[in-house]
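Values below: every heavy atom of this structure, side chains too, minus hydrogens, waters and symmetry copies. Residues: numbered from 1 along the sequence shown. Predicted model only: the values in this text are computed from it and were never measured.
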Amino acid sequence: MTPGSEPRHVAHETVEERVAEEFVEELELHPVKEPEGQPDEEPFPSMSEQISEQLGGVRGLIESSIPVLAFVLLNVLLGETFLDLGKKTALYWAIGGSLGSAVAIGVYRLARKQSVRHAVNGVLGVAIGAFLAWRTGDAKNFYLPGILLTLGQVVVLVASVAVRRPIIGYVWGVLANGGKHDWFDNARLFRTFQWLTLVWAASLFVRAGVQGWLWLADEANAIGIVRILISWPIYAATFAYTAWAVHRVTSADRAEDEELEEAKA
């Protein structure tokens, strides 16, 4: 090719562009090798492991219940039922005990250089409920933010199914599928996530519904007892059922793929 007869894009190519192209070609010819003895990728935690981490494990469940338990016990023991210190006095002590226990858990974790994420979330949630209870002078309002938040989650879950974007599918993609959302292309898995999202909505509605009914009945202490004894078992059971249902579908898909490969061989 004679000078001046190069194609337009070559004729106007700068020296810097040519050097960059040569550098890229050199990288492609000599790819960087991973150190021997090390896997290309770390194994991604299973869905159960991710769920346990998100909940903080058994310890996280216990720690999240301590501030609520402190509120209920102090409100009952110091209130009209036992010591009869007065409704407001018992409420203020219950608020202080709840906030104090939540902060103590965070300080303890921080002192041991452990994750304080769950503790911080717990303090914020308790603080909002405590503020409402203090402002209104009514112990039942300590639980109102949690009830409203749970009902809001129900609405969001049902709406995601209505628009065919089931939230549980997205959660599974992030927690157990390496951030990939290829489940959209799997009709069976997509249907599974649709009805699993409704199962989650139903379980949350039961939790919020029972507490909401007790709130309307002015049964403040009963709300706390229900929240401790019912909410977490329902939550854990729904998680376990979700993990089982997804594993059942993915295992069946994997078995079918293996049968096809054997048939081709």
Side-chain angles (χ1 to χ4, degrees), residues 51 54-56 58 60-76 79 81 87 91 94-95 98 102 118 121-172 175 191-246:
I51 288 170
Q54 291 299 315
L55 289 176
V58 175
L61 296 178
I62 294 174
E63 289 179 353
S64 66
S65 299
I66 289 176
V68 177
L69 181 61
F71 183 88
V72 174
L73 289 178
L74 289 173
N75 196 49
V76 171
T81 306
K87 183 178 179 180
L91 174 61
I95 291 173
S98 180
H118 299 289
N121 292 339
V123 171
L124 291 176
V126 170
I128 295 173
F131 175 76
L132 287 177
W134 173 74
R135 288 287 294 178
T136 61
D138 196 333
K140 72 176 185 179
N141 290 325
F142 176 81
Y143 308 100
L144 185 58
I147 296 172
L148 295 178
L149 177 61
T150 304
L151 288 175
Q153 292 172 342
V154 172
V155 173
V156 171
L157 287 169
V158 173
S160 73
V161 172
V163 298
R164 300 183 64 80
R165 293 293 186 273
I167 286 179
I168 298 304
Y170 286 100
V171 173
W172 177 80
L175 295 184
R191 289 194 300 271
T192 299
F193 286 132
Q194 283 279 83
W195 61 259
L196 279 176
T197 301
L198 292 177
V199 168
W200 271 95
S203 69
L204 292 174
F205 183 77
V206 170
R207 291 171 55 199
V210 173
Q211 294 181 55
W213 177 73
L214 292 172
W215 185 87
L216 292 174
D218 292 325
E219 296 290 343
N221 295 327
I223 299 174
I225 295 172
V226 165
R227 184 168 167 179
I228 294 171
L229 297 181
I230 295 180
S231 294
W232 283 118
I234 291 177
Y235 207 30
T238 310
F239 259 131
Y241 180 71
T242 300
W244 172 82
V246 174

Return the minimal non-hydrogen interatomic distance between [X] and [Y], and the atom names on each side.
X	Y	result
P166	Q194	CD-OE1, 3.3 Å
I234	S203	CG2-CB, 3.8 Å
G212	I147	N-CD1, 4.0 Å
L157	S160	O-OG, 2.6 Å
V158	A201	CG2-CB, 3.9 Å
L151	A208	CD2-CB, 3.6 Å

Rounded at 0.5 Å granularity, tell me how far [atom1] in [X] sits from [atom2] in [Y].
X	Y	atom1	atom2	answer
T150	Y235	OG1	OH	9.0 Å
Q211	I225	CD	CD1	12.0 Å
Y143	L214	OH	CG	10.5 Å
L149	L204	CG	CG	9.5 Å
I66	L73	CD1	CG	11.5 Å
L196	R191	CG	CZ	12.5 Å

Quiz prompt | Stepwise side chain to side chain contact (heavy atoms under 4.5 Å, CB included) test for V246 and I168 | solution = CA-CA 10 Å; V246 174; I168 298 304; 5.9 Å; no

Quiz item: Are W215 and N141 close enough that a side-chain donor and a side-chain acceptor fall under 3.5 Å?
Solution: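 Indeed, the side chains of W215 and N141 share at least one donor-acceptor pair under 3.5 Å.
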
4.5 Å side-chain heavy-atom contact, [X] and [Y]:
X	Y	value
V156	I167	yes
I230	V206	no
L132	F142	no

Quiz item: How about W200 and F193: are their ring centres within less than 6.0 Å of each other?
Solution: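 No.
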
Quiz item: Is it the case that more than 12 heavy atoms not belonging to W213 sit under 6.0 Å from its CH2 atom?
Solution: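 Count not over threshold, so no.
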
Quiz item: Is Y170 atom OH crowded by more than 12 heavy atoms from other residues, nucleotides or ligands, each under 6.0 Å away?
Solution: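 Above 12, so yes.
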
Quiz prompt | Test log, rule side chain to side chain contact (heavy atoms under 4.5 Å, CB included), inputs V199 and T238 | solution = CA-CA 8 Å; V199 168; T238 310; 4.2 Å; yes

